[in-house]
There are 2 protein chains.
Amino acid sequence: MDKEQLKENFASALKQENLKRTPQRFAILEELVSSDEHRECTDIYFALRNQGISVSRATVYRTMDILVKYDFARRLDIGDGIARYESKVGISHHDHLICLECGKIIEFLNRDIESLQQSICNDFDFDMIRHTHQIFGVCPDCKSK
Amino acid sequence: MDKEQLKENFASALKQENLKRTPQRFAILEELVSSDEHRECTDIYFALRNQGISVSRATVYRTMDILVKYDFARRLDIGDGIARYESKVGISHHDHLICLECGKIIEFLNRDIESLQQSICNDFDFDMIRHTHQIFGVCPDCKSK
DNA sequence: TATATTTATGAGACTCAATCTCACAATAAA
DNA sequence: TTTATTGTGAGATTGAGTCTCATAAATATA
Ligand SMILES: [Mn+2]
Ligand SMILES: [Mn+2]
Ligand SMILES: [Zn+2]
Ligand SMILES: [Zn+2]
């Protein structure tokens, strides 16, 4: 998806929520989408400030909620009390291997697990909305140290 | 496992950590293990207080860390910023379906997923230490309302 | 364009789970 | 016991996240 199209889509989401188009909101979208990392709000806050963009922490937190609601971003909770966000624009679903030594996050996708997961939900008559599958351990780099 | 044996095992863990046997520590173990729920520290704190047992929040938090380290308990993070703990004594591994409407937690185990998970780790040369597989959605009770 | 109306922004106050502090209490080795 | 060591607990502190509200900016209207 090209950058202009993305902005249009975000503008549509804002319109649907009766929210105004502001430079801060677009800057936050741009910062997250142009990155392939799992970003913390504080990290995005400082990244924009360092680019000379006026923004507050509150605006970053508020905008992240919109990005998640409209599927531009996914929130990642790895149990350390800090929310991380990754772009969903042009990115397909995946789950995560998380290194407990260095914090590295490796992505994986397994279609068999995904479908087994769905059949578990069917068995329990449970409607799945989302899921997280996180494997914690030691990555190859950290093992060889 | 009988209650006396459990106390013995916990006492061994305490000895291994050079920690003393205190009434508070045993009370916290007992409170968690005799429950089949996913308990918050604050909840355990009040449960003990209501039983007339003198304990502080700090002691509950500190003791939970020991219980987790020695495999008497598992910590559960469902992304709401509150840690929950469940007994592992006599309980086999399982993962969770979590209802976003009512907060109910349903347990599941799928051996195929467990083994696929292990093969993913092999492929990435990643040493798994633990994993969490959480499926969020709407439970049967909440659907029929 | 000018003006009115509505909504957003941001600095800092606030919340709340969790952790830390430290004076005092309890434990256990000898 | 005695004594050294560790634990306890009330309250202070931390830190991610949320809230407040005066001001600024965006958009609707004339
Ligand atoms: Mn998945
Ligand atoms: Mn599992
Ligand atoms: Zn690593
Ligand atoms: Zn429910």
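Chain letters run A, B, ... following the sequence lines, proteins first and then strands; every chain starts at 1. Note that the structure is a prediction, hence the values are computed from the model and not measured.
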Item to check | Selected nucleotide, minimal atom distance to Ile82(B) side chain, candidates dA17(C), dG10(C), dC20(C) | outcome: dA17(C)

Next on the checklist: Which is more 5' along DNA chain D, the nucleotide nearest Pro23(B) or the one nearest Arg21(A)? Just name the residue.
Outcome noted: Pro23(B)

Item to check | Phosphate OP1/OP2 of dA26(C): any Gln24(B) side-chain N/O under 4.0 Å | outcome: no

Next on the checklist: Side-chain N or O of Arg49(A) versus OP1/OP2 of dA11(C): is the shortest distance under 4.0 Å?
Outcome noted: yes

Checklist outcome for this item: Per nearest nucleotide of DNA chain C, the residue lying toward the 5' end, Thr22(B) or Asp65(B), is Asp65(B)

Checklist entry - Any side-chain N or O of Tyr61(B) under 4.0 Å from OP1/OP2 of dT19(C)? => result no

Checklist entry - Quick one: do Arg39(A) and Glu31(A) make a salt bridge, cutoff under 4.0 Å? => result yes

Checklist outcome for this item: Between CD1 of Ile28(A) and C1' of dA8(C) the distance, given in whole Å, is 11 Å

Item to check | Separation of atom CG in Asn18(B) from atom P in dT27(C), rounded to whole Å | outcome: 17 Å

Checklist entry - Where is the tightest heavy-atom contact between Ser87(B) and Ile91(B), given as atom of each residue plus distance? => result O-CG1, 3.5 Å

Checklist entry - Could you state the CG-P distance from Leu14(B) to dT27(C), rounded to the nearest angstrom? => result 13 Å

Checklist entry - Any chance the side chains of Asn110(B) and Glu114(B) put a donor and an acceptor closer than 3.5 Å? => result no

Item to check | Distance in angstrom units between Asp80(A) CG and dT19(C) C1', rounded | outcome: 15 Å

Next on the checklist: The side chain of Ala58(B) is closest to which nucleotide in this list: dA18(C), dC20(C), dA26(C)?
Outcome noted: dC20(C)

Item to check | Opening and closing nucleotides of DNA chain D in contact with chain A, under 4.0 Å to non-hydrogen atoms | outcome: dA16(D) to dT27(D)

Item to check | Minimum-distance nucleotide to Thr59(A) side chain [options: dA26(C), dT9(C), dT19(C)] | outcome: dT9(C)

Next on the checklist: Checking the side chain of Gln134(B) only, and the main-chain atoms of Asp77(B) only, is there a donor and an acceptor separated by less than 3.5 Å?
Outcome noted: yes

Item to check | Spacing of Asp43(B) atom CG relative to dA18(C) atom P, expressed in whole Å | outcome: 12 Å

Item to check | Considering all heavy atoms, the nearest Phe126(B)-Lys143(A) contact | outcome: N-NZ, 4.3 Å

Next on the checklist: Base, sugar-phosphate or nothing for Glu40(B)? Non-hydrogen atoms, less than 4.0 Å.
Outcome noted: nothing

Item to check | Euclidean distance, atom CD1 of residue Ile53(A) to atom C1' of dG10(C) [Å, nearest integer] | outcome: 16 Å

Item to check | Sugar-phosphate only, base, or nothing, as touched by Arg25(B) at under 4.0 Å among non-hydrogen atoms | outcome: sugar-phosphate

Next on the checklist: Looking at Gln24(A) and Ser54(A), would you say the former's side chain and the latter's main chain have a donor-acceptor pair under 3.5 Å?
Outcome noted: yes

Checklist entry - Nearest heavy-atom pair of Ile135(B) and Cys121(A): which atoms, and what distance? => result CG2-SG, 3.7 Å

Checklist entry - How is Thr42(B) classified with respect to the nucleic acid when contacts are heavy atoms under 4.0 Å: base, sugar-phosphate, or nothing? => result nothing

Item to check | Check: His131(B)/His93(B) side-chain N/O donor and acceptor closer than 3.5 Å | outcome: yes

Checklist entry - Nearest nucleotide by nearest heavy atom, which residue falls closer to the 5' end of DNA chain C, Lys20(B) or Ser54(A)? => result Ser54(A)

